[in-house]
Amino acid sequence: MRKKRKQSRERKPDRGRSGASVKARRRVLLEPEHLLDTLMDTAPAFIYFKDAEGRFLRINRALAGLYGLKDPADAIGKSDFDFYPAEDAARFHNDEQEIIRTGRPIVAKEERGTYPDGRVVWNTTTKMPIRAPDGRIVGTFGISHDVTALKTTEKALAEHANLLKTLMDNVPDSIYFKDARSRFTYISRAQARMFGLDDPSQAVGKTDSDFFAPEHAEAALNDEQLVMRTGRPIVAKEEKETFPDGSVRWASTTKLPLRDKDDRIIGTFGISRDITAVKRAEERLAYQAFYDPLTNLPNRALCMDRLEHLFRRAQRPGSNPFAVLYLDVDRFKEVNDSLGHQAGDQMLVTIARRLEVCMRPGDTVARLGGDEFTVVLEQIHDVSDALHVAERVQSGVSAPIALGGVEVFTTVSIGIALSAPAYEKPGEMLRDADTAMYRAKAIGKGRHEVFDATMHERAVTLLRIKSELGHGLDRGEFEVFYQPMVAVAGRRVLGFEALVRWRHPQRGLLAPCDFLPLAEETGLIVPMGYHVLRQACRWTSGWQQRYPSEPPLRISVNLSSRQILDKELITTLRQILAETTLNPACLTLEVAEQTILGNAHALAATLAELRALSVKLHIDDFGTCYSSLGRIRDMQVDAVKMDRSFVEAMQKSSEHAELVRAIVTLTRKLGLDVTAAGVETAEQLVRLQELKCASVQGFYFAVPLDAGSAEQFLARSRSGKTS
């Protein structure tokens with residue numbers, strides 16, 4: 001059909017050019033017309049041209065396929081009313097009439113529409129006026145991208161040179177055409193602006209070497225030669241583009257072969273989208289994941305990564321031993337309580353800088369959290385090397401620190417653990433260094449101790465608490481507290497997060513940090529977790545009956561790594577849901593980011609069964625370890641809960657606020673909801689509302705409440721807005 005159309009066009013009278021030669025006419029067809037045909041045949045976007053009455057003049061093959069047409073020419077003379085529901089078609093027609101009336105384009109408009117096959121999607125559409133040579137508006141053309149797809153490219157086409165120029169002058173992405181020697185033959189106005197050119201024609205005949213640094217120009221040339229040699233496109237390649245002045249731009253580029261009418265490859269064309277802002281946000285997330293924001297030292301995650309590397313290296317014959325120093329600042333709490341948190345932070349930063357000075361080349365100093373630091377000594381000959389470093393650290397830290405006009409003297413207690421074949425995991429070595437540090441602190445502070453087998457106090461304590469944990473479970477000493485989760489818009493209570501507390505017969509009400517690590521270590525976290533799950537589902541089911549709402553009240557329950565890997569999880573979960581009559585869709589299971597991504601393969605079947613049950617899955621503490629949002633999307637979770645540290649840091653600087661904005665924006669673009677944890681002030685809440693964060697929880701609304709108090713809170717919230 002296309003061939004016939006081309007022949008018919010060639011037979012048309014050559015208006016205004018009766019004396020032109022056949023060769024001239026073919027040249028006209030071979031340049032803008034052929035480029036247009038190539039774009040119209042290959043563009044994945046949906047493209048159309050319409051007259052002033054909304055009738056199709058031309059559509060591309062992608063749009064023809066959407067309409068169920070074998071040939072794009074079958075759409076000529078028809079309108080949106082022939083392909084879309086009347087409501088959608090009328091909306092499209094009104095937009096185009098507005099363009100024809102005002103001459104103003106509609107750029108990147110988000111539209112909800114129904115495809116002819118019944119699918120409902122969101123598209124980003126740009127619609128422009130078509131002008132005759134005398135300036136009259138004679139129709140419209142449009143480019144529409146399905147933004148539900150991961151990778152979309154915007155390719156706008158035109159039927160003749162004027163339409164192609166209109167397209168190339170208005171699309172926001174950079175578009176180029178090159179010949180077989182990678183010389184530019186045509187570029188879009190956006191590409192010209194990027195090159196610093198006043199007119200796109202100034203690029204004709206030039207190459208990437210005229211605009212980019214040599215390394216990028218060479219890489220681009222190699223890509224284009226590969227495309228021409230193989231005929232295979234390069235799709236959505238992320239490129240780091242370096243300019244001669246040293247500036248850098250990241251782009252997502254698609255490069256395709258450019259073919260002539262005989263299907264021979266005569267060059268390439270490409271579309272490039274600027275993703276610099278996204279890459280910088282990812283870099284900030286990566287830094288946040290592996291570095292402590294206060295001291296700029298490596299954090300626990302990076303420290304553990306270095307230790308894992310050393311453990312792998314230790315398997316090789318002849319490898320040197322290594323050591324871990326665990327440091328705790330003595331009497332740090334006194335400084336915090338007396339001089340304030342700002343002074344405490346200043347003190348930690350000063351200590352961090354002094355620790356860096358004390359390090360040998362190749363060693364790693366990290367902040368684990370609070371006033372605890374660790375030093376990884378990569379190569380030592382024997383324990384004396386570790387002792388020398390410990391002594392140097394204690395001497396370097398002991399100098400007075402000026403805090404708000406007050407000189408403060410401090411020391412550090414240091415525990416030392418040496419590598420040994422008995423260690424199977426880095427965490428075991430770090431644990432023993434921690435044990436030795438507590439020993440040093442117990443016998444006088446400002447000391448260092450080397451871990452050895454005689455340090456059995458911890459083992460005895462662990463055994464005693466383990467026994468108490470087991471008895472506590474049997475006696476029902478573990479209670480479930482509930483913290484409200486509130487919708488940012490409207491301040492409506494969406495549900496609660498279930499949090500466990502231990503009502504110890506001698507020590508009173510204990511927070512999770514006092515027993516959950518040991519419960520996880522001993523495996524008691526599994527029966528404890530099922531107890532929490534059963535109680536939370538039972539109370540929620542009752543609250544739903546007494547306080548009906550639409551949507552129904554939800555409950556979120558945390559799962560530890562042991563729980564989600566438990567083979568009986570799905571069976572037990574079904575039993576609990578049946579016993580409590582809670583709708584599975586009202587239950588959310590929260591799993592730590594590191595747990596779910598670190599066990600992706602092992603959890604695949606479990607996650608599939610959870611989705612089959614309609615149970616929701618959320619990523620907890622998101623952002624505390626670096627992970628690709630693409631990987632989280634692939635796990636098919638429903639939402640992420642942003643770690644409280646991001647909310648706390650949001651008001652400290654514009655950089656932290658932009659980081660939170662990046663997290664919310666990128667996550668929402670992947671179709672995931674975002675909950676912010678740790679909201680404590682009205683300012684934080686307002687800021688999160690501006691960022692369109694879906695829901696929040698924190699002390700601003702309520703501390704974790706026992707079941708009775710939670711019900712009272714719920715009753716109050718149903719009678720008025722949550723403040």
Side-chain angles (χ1 to χ4, degrees), residues 283-314 321-330 332 344-380 385-394 396-397 401 410-419 423 425-438 440-441 448-451 517 592-594 598 621 623-627 643 645-646 648-649:
E283 289 170 359
R284 288 196 296 270
L285 282 173
Y287 186 86
Q288 184 72 25
F290 286 113
Y291 287 86
D292 172 54
L294 176 64
T295 64
N296 291 321
L297 290 177
N299 62 11
R300 179 183 290 272
L302 187 52
C303 173
M304 295 304 292
D305 181 74
R306 298 284 169 83
L307 271 178
E308 287 174 0
H309 166 73
L310 292 177
F311 266 69
R312 289 191 297 270
R313 194 178 70 183
F322 55 94
V324 171
L325 277 60
Y326 201 111
L327 289 68
D328 185 86
V329 180
D330 298 324
F332 175 74
D345 288 349
Q346 182 183 343
M347 181 179 183
L348 292 174
V349 171
T350 302
I351 291 173
R353 302 289 80 81
R354 292 180 179 180
L355 289 175
E356 289 175 323
V357 173
C358 296
M359 291 304 100
R360 310 173 310 168
D363 294 341
T364 299
V365 56
R367 183 188 178 205
L368 299 184
D371 60 341
E372 294 181 334
F373 298 84
T374 187
V375 175
V376 179
L377 306 180
E378 290 215 5
Q379 293 190 25
I380 61 173
D385 289 344
L387 292 174
H388 288 324
V389 174
E391 291 166 359
R392 190 160 64 245
V393 165
Q394 287 175 320
V397 170
I401 301 173
T410 190
T411 57
V412 290
S413 297
I414 303 175
I416 304 171
L418 306 176
S419 60
Y423 288 125
K425 298 178 181 178
E428 296 173 352
M429 192 172 175
L430 197 64
R431 176 200 62 201
D432 288 349
D434 185 23
T435 298
M437 181 274 292
Y438 276 106
K441 190 176 286 287
H448 54 267
E449 290 289 327
V450 179
F451 179 84
E593 178 184 10
Q594 189 171 9
D621 299 331
T624 55
C625 64
Y626 178 57
S627 56
D643 187 65
S645 61
F646 290 89
E648 291 172 356

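- A pairwise comparison of heavy atoms in A436 and I416 identifies CB-N, 3.9 Å as the closest pair.
- For A417, the side chain to side chain contact (heavy atoms under 4.5 Å, CB included) criterion is met by Y423, M429, D432, A433, not counting sequence neighbours.
- Distance check, rounded to the nearest 0.5 Å: CG of L294 to CG of D345 gives 4.5 Å.
- Considering only heavy atoms from C-beta on, D385 stays 4.5 Å or farther from L377 through its side chain.
- In this structure Y291 satisfies the side chain to side chain contact (heavy atoms under 4.5 Å, CB included) test together with Y287, P298, L302, sequence neighbours excluded.
- Residues passing the side chain to side chain contact (heavy atoms under 4.5 Å, CB included) test with R300 are M304, Y326, L368, L430, sequence neighbours excluded.
- Interatomic distance, OG1 of T350 versus CG of L355, reported as 11.0 Å (0.5 Å rounding).
- A323 and L418 make their closest contact through CB-CD2, 3.7 Å (heavy atoms, listed as atom of the first residue, atom of the second, distance).
- How far CD1 of I351 is from SG of C358: 11.5 Å, rounded to the nearest 0.5 Å.
- The two atoms that bring E378 and R313 nearest to each other are O-NH2, 3.1 Å, heavy atoms only.
- In this structure, L327 CG and D434 CG are separated by 11.0 Å, a value rounded to the nearest 0.5 Å.
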TODO: Would you please test L387 and V450 for side-chain contact (heavy atoms from CB on, under 4.5 Å) and show each step?
DONE: CA-CA 9 Å; L387 292 174; V450 179; 3.9 Å; yes
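- Screening residues 360-377 for salt bridge (Lys or Arg N to Asp or Glu O under 4.0 Å) gives D292-R367, R360-D363 as the qualifying pairs, with residues at least two apart or on separate chains.
- Across every non-hydrogen atom of V412 and V329, the tightest pair is CG1-CA, 4.1 Å.
- Scanning for side chain to side chain donor-acceptor pair (under 3.5 Å) contacts around Q394 gives H448, with sequence neighbours left out.
- Taking F373 as the reference, nothing meets the ring pair (Phe, Tyr, Trp, His ring centres under 6.0 Å) condition, with sequence neighbours excluded.
- A440 meets the side chain to side chain contact (heavy atoms under 4.5 Å, CB included) test with S413, R447, E449; sequence neighbours excluded.
- With sequence neighbours excluded, no residue forms a salt bridge (Lys or Arg N to Asp or Glu O under 4.0 Å) with E391.
- Residue pairs meeting the salt bridge (Lys or Arg N to Asp or Glu O under 4.0 Å) criterion with at least one partner in residues 301-310, sequence neighbours excluded, are absent.
- Under the ring pair (Phe, Tyr, Trp, His ring centres under 6.0 Å) criterion, F311 pairs with F322, not counting sequence neighbours.
- Going from atom CE of M359 over to atom OG1 of T364 covers 9.5 Å, rounded to the nearest 0.5 Å.
- Note: L307 CG to T374 OG1 = 7.0 Å, rounded to the nearest 0.5 Å.
- With sequence neighbours excluded, the residues that form a side chain to side chain donor-acceptor pair (under 3.5 Å) with R353 are E356.
- With sequence neighbours excluded, no residue forms a side chain to side chain donor-acceptor pair (under 3.5 Å) with E428.
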